[in-house]
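Order of listing sets the numbers, starting from 1, for every ligand and every atom in it.
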Amino acid sequence: MKFGINTFLWTINFGSKEFELLAEIKRHGFDGVEVSLIRPEIFEASEIRRALAENGLECTVCSVLPSELNLISDEAAIRARTREHLTTCIRLTAEAGARYIAGPLYAPVGWLPGRRRTADEWKRAVEGYQELGPVLDEYRVELCIEPLNRFETFFLNTTADAVALCAAVDHPRVGILWDTFHANIEEKHPAAALASTSRYLKHVHTCENDRGTPGSGHVDWPGVFGALRQIGYNGWLTIESFGFTLGDLSAAAAIWRDLEDTPEEIAWRGVEFLKQQIHT
Ligand code: LER
Ligand code: MN
């Protein structure tokens, strides 16, 4: 398995200003960095590729939709703009040297219309991802769809729904990003849910139940690692948490207090803990 750190811990838009972090990230034993891609026009793909390579780090991409975009919107023009945006993001993912683009790429985080998802929305998501299939093939990128907890989306909350969505899309490059934080809220048995993702699992976000340091709370880590072993997962384990004072980003993730003394503690202690778990 490979260990990554998501840069939401420090910034909403990762770029050259943050390259000074890379040597320290490498020194603490990470194999890669998960960079955020929200606004393509400011994403420094080739600079990121070069800086990560210089530091011996690999890249994955985490993406969320800007508030004006929505793959399941009832407006065809918005869906078309969202597919165009995702096409650009997939190309930029490849340009940054990454093979995975991951996140809740169906609707903006925090969009809660106050009702259940409709059959039409489900169909639009399936069709939207199917239309992106050839783009994923062209750039050899895997799209990892992330179910979020009910307070961040109404569209996809459970692992079972994520599996059903991927089965309906039925494209080998479309699969699941499974996040320990969201699963802890939504699943009765997170480890069993993780095992049920089977061949659809493409990426994992590791985070404690309070979004703090992995290993410091009540996430069932032995269960999580047991499930990963059971399905033969050999991909990324990326620590994802959020800066404590990052304005909109902290607000989107509902971070209203310091989770640890410093954000770095989540990364450095977290990776140490996760590596120990592999050997237990
Ligand atoms: C959001 O809660 C999350 O888990 C991320 O991966 C980005 O949306
Ligand atoms: Mn996540």
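Inside a sphere of radius 2.8 Å centred on the Mn ion (ligand 2), the protein N/O/S atoms present are Glu146 OE2, Asp179 OD2, His205 ND1, Glu240 OE1.
A salt bridge is defined here as a Lys NZ or Arg NE, NH1 or NH2 lying under 4.0 Å from an Asp or Glu carboxylate O, and Glu95 with Arg49 fails to meet this definition. Using a 4.0 Å cut-off between charged nitrogen and carboxylate oxygen, Arg27 and Glu24 count as a salt-bridge pair. Using a 4.0 Å cut-off between charged side-chain N and carboxylate O, Arg81 and Glu68 make no salt bridge. A salt bridge is defined here as a Lys NZ or Arg NE, NH1 or NH2 lying under 4.0 Å from an Asp or Glu carboxylate O, and Glu131 with Arg79 fails to meet this definition.
Side-chain atoms of Pro104 and Val64, non-hydrogen and from C-beta on, do get closer than 4.5 Å to each other. Contact annotation: the side chain of Glu18 never approaches that of Thr7 to less than 4.5 Å [non-hydrogen atoms, C-beta and beyond].
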Legend entry - Test side-chain contact (heavy atoms from CB on, under 4.5 Å) applied to Thr213 and Phe273, step by step: CA-CA 9 Å; Thr213 311; Phe273 170 79; 6.0 Å; no
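Aromatic ring pairs are classed by plane angle as parallel below 30°, tilted from 30° to 60° and perpendicular above 60°; the pair Trp122 and Phe155 is tilted.
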Dump all N/O pairs between ligand 1 and the protein below 3.5 Å as a table: atom names plus distance, one pair per row.
{"unit_1": "ligand 1", "atom_1": "2 (O)", "unit_2": "Glu152", "atom_2": "OE1", "d": "2.5"}
{"unit_1": "ligand 1", "atom_1": "2 (O)", "unit_2": "His182", "atom_2": "NE2", "d": "3.0"}
{"unit_1": "ligand 1", "atom_1": "2 (O)", "unit_2": "Arg211", "atom_2": "NH2", "d": "2.7"}
{"unit_1": "ligand 1", "atom_1": "4 (O)", "unit_2": "Glu146", "atom_2": "OE2", "d": "3.1"}
{"unit_1": "ligand 1", "atom_1": "4 (O)", "unit_2": "Asp179", "atom_2": "OD2", "d": "3.1"}
{"unit_1": "ligand 1", "atom_1": "4 (O)", "unit_2": "His182", "atom_2": "NE2", "d": "2.8"}
{"unit_1": "ligand 1", "atom_1": "4 (O)", "unit_2": "Arg211", "atom_2": "NH2", "d": "3.1"}
{"unit_1": "ligand 1", "atom_1": "4 (O)", "unit_2": "Glu240", "atom_2": "OE1", "d": "2.9"}
{"unit_1": "ligand 1", "atom_1": "6 (O)", "unit_2": "Glu146", "atom_2": "OE1", "d": "2.6"}
{"unit_1": "ligand 1", "atom_1": "6 (O)", "unit_2": "Glu146", "atom_2": "OE2", "d": "3.0"}
{"unit_1": "ligand 1", "atom_1": "6 (O)", "unit_2": "His205", "atom_2": "ND1", "d": "3.2"}
{"unit_1": "ligand 1", "atom_1": "6 (O)", "unit_2": "Glu240", "atom_2": "OE1", "d": "3.2"}
{"unit_1": "ligand 1", "atom_1": "6 (O)", "unit_2": "Glu240", "atom_2": "OE2", "d": "2.6"}

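Only one option out of Leu165, Val163, Thr158, Thr159 pairs with Asp161 in a side chain to side chain contact (heavy atoms under 4.5 Å, CB included); it is Thr158.
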